[in-house]
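It should be emphasised that the depicted structure is a prediction, and the values quoted were computed from it without experimental measurement.
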Amino acid sequence: MATALVCAVVTGVIVTPGVAYADPSPPQRSLEDVHREVEDLYRKAESATDAYNAASEAQSRQEKSIVEIARSVTAAQARMARLKNQAGALARSQYRAGGMPDGARLFFDAAPDSFLDGVSLAHKGEQATRGLLAQVAATQKKLDGYAKAAGERWKKLDSERKKKEDAKKEIETRLKDAKRLEERLEEKERERLRRIEEERAREAQRAWLATEAVKTVTVKEAGANASGASSASTTEGGRAVAFATAQIGKNYVWGAVGPDTFDCSGLTLRAWEAAGSAIPRTSQEQWRQLPKVDVKDMRPGDLVIYFKDASHVAMYVGDGMMVHAPRPGRQVTMAGAGSMPILGVVRPR
């Protein structure tokens with residue numbers, strides 16, 4: 001008994017006979033829990049990536065706007081310089097005339113014809129003077145407006161830069177957390193984690209394929225292919241699909257738009273650019289701006305938008321499949337179009 005007590009004291013715990021104590025080490029988390037947390041971290045990183053891309057686009061627009069304002073200011077300043085030269089010439093002309101008003105000089109003119117001609121010229125001179133002064137005032141007003149607009153653009157530019165930097169920090173934090181969580185696993189556990197991810201995707205795809213809307217899509221596609229009425233390679237959608245599928249195997253990198261790496265919306269952006277159509281940069285803007293179509297009406301080349309916040313996008317390629325850039329640590333790949341929660345479908349044409 002004494003020996004047992006000594007051992008217990010040495011370890012820092014006094015054990016009372018007959019009383020059970022729980023293991024103080026934290027319980028092991030299941031791989032399913034790890035999978036959910038990793039996916040949640042990557043989802044948050046992808047949402048932040050969309051915010052980063054949107055801020056980058058807005059920053060680019062503000063920078064171009066500031067350049068355009070600067071060009072307008074330069075043109076207005078040049079015009080103001082010309083007007084001031086004209087005003088100076090007019091003032092010098094009046095000075096040489098002795099400062100006598102045109103009306104007074106006309107009154108003392110002895111020749112009636114000259115007087116009448118002078119009246120006409122004086123009237124035109126007054127009109128020219130008023131016109132010149134009006135142009136000077138209008139040009140100054142433009143310059144003042146440009147200065148105000150430039151100030152507002154700079155404020156917006158600073159705001160977008162901050163949004164971009166904040167989004168970048170969040171992306172890096174989420175990706176670092178997800179990587180750290182995965183690196184804690186042994187190699188065999190990482191492989192099991194990958195299998196869990198794949199099985200979840202297959203289950204979601206099977207459930208999606210069982211819906212009536214998808215059956216309708218599959219039947220229509222099969223009929224079109226059999227009759228030859230729809231030749232994907234000759235349509236805009238077909239060209240977009242051809243580009244997207246040619247990128248299979250390339251790494252996902254957030255904010256990337258090719259040619260060697262892509263994020264999800266970067267892939268769809270470049271694919272439709274190759275097909276001859278410009279579309280918004282981010283998945284959220286693609287969802288907001290592009291025409292929406294029902295799932296039952298979708299066809300190859302359409303964009304499938306995922307999750308409630310529209311933070312992921314893929315390209316439908318037919319036969320219930322899509323091509324997409326999934327997330328960091330993965331490559332552009334083909335997957336079931338229903339393997340993630342679908343928000344809706346849009347058509348970029």
_Side-chain donor-acceptor pair present, Ser277, Glu236, cut-off under 3.5 Å_ = yes
*If two hydrophobic side chains count as joined below 4.5 Å and joins carry through other members, does Val67 share a cluster with Leu143?*
no
_Short side-chain donor-acceptor distance under 3.5 Å, Arg281 and Gln286_ = no
_Charged tip of Arg270 within 45° of Phe243 ring normal and under 6.0 Å_ = no
*Within 45 degrees of the axis of the six-membered ring of Trp287 and under 6.0 Å from its centre: does Lys292 put its NZ or CZ there?*
yes
_Salt bridge flag under 4.0 Å for residues Lys163 and Asp166_ = no
*Within a radius of less than 6.0 Å around NZ of Lys142, do more than 12 heavy atoms belonging to other residues, nucleotides or ligands occur?*
no
Would you tabulate the side-chain donor-acceptor contacts of residues 171-178 under 3.5 Å, counting partners in other chains and residues two or more places apart, or write 'none'?
residue, atom, partner, partner atom, Å
Thr173, OG1, Lys169, O, 2.9
Asp177, OD1, Arg180, NH2, 2.5

*Please identify each residue that fulfils side chain to side chain contact (heavy atoms under 4.5 Å, CB included) with Ala337, with sequence neighbours left out.*
Trp208, Tyr306, Tyr316, Met322
*asked:* A quick test of your reading: do over 12 heavy atoms of other residues, nucleotides or ligands sit less than 6.0 Å from CZ of Arg195?
replied: yes
*Got a salt bridge between Arg202 and Glu199, using NZ or NE/NH1/NH2 to carboxylate O under 4.0 Å?*
yes
*asked:* Tell me whether Arg192 at atom CZ has more than 12 heavy atoms from other residues, nucleotides or ligands lying less than 6.0 Å away.
replied: no
*side chain to side chain contact (heavy atoms under 4.5 Å, CB included) partners for Glu68, two or more places apart*: none
*Examine the side chains of Asp50 and Ser283 and answer whether a donor and an acceptor come within less than 3.5 Å of each other.*
yes
*Work out which heavy atom in Lys250 is nearest to a heavy atom in Asp260; give both atom names and the distance.*
CB-O, 3.5 Å
_Pair Asp263-Asn53, side-chain donor/acceptor within less than 3.5 Å_ = yes
*How close do Thr268 and Ala314 get, heavy atom to heavy atom, and via which atoms?*
CG2-C, 4.3 Å
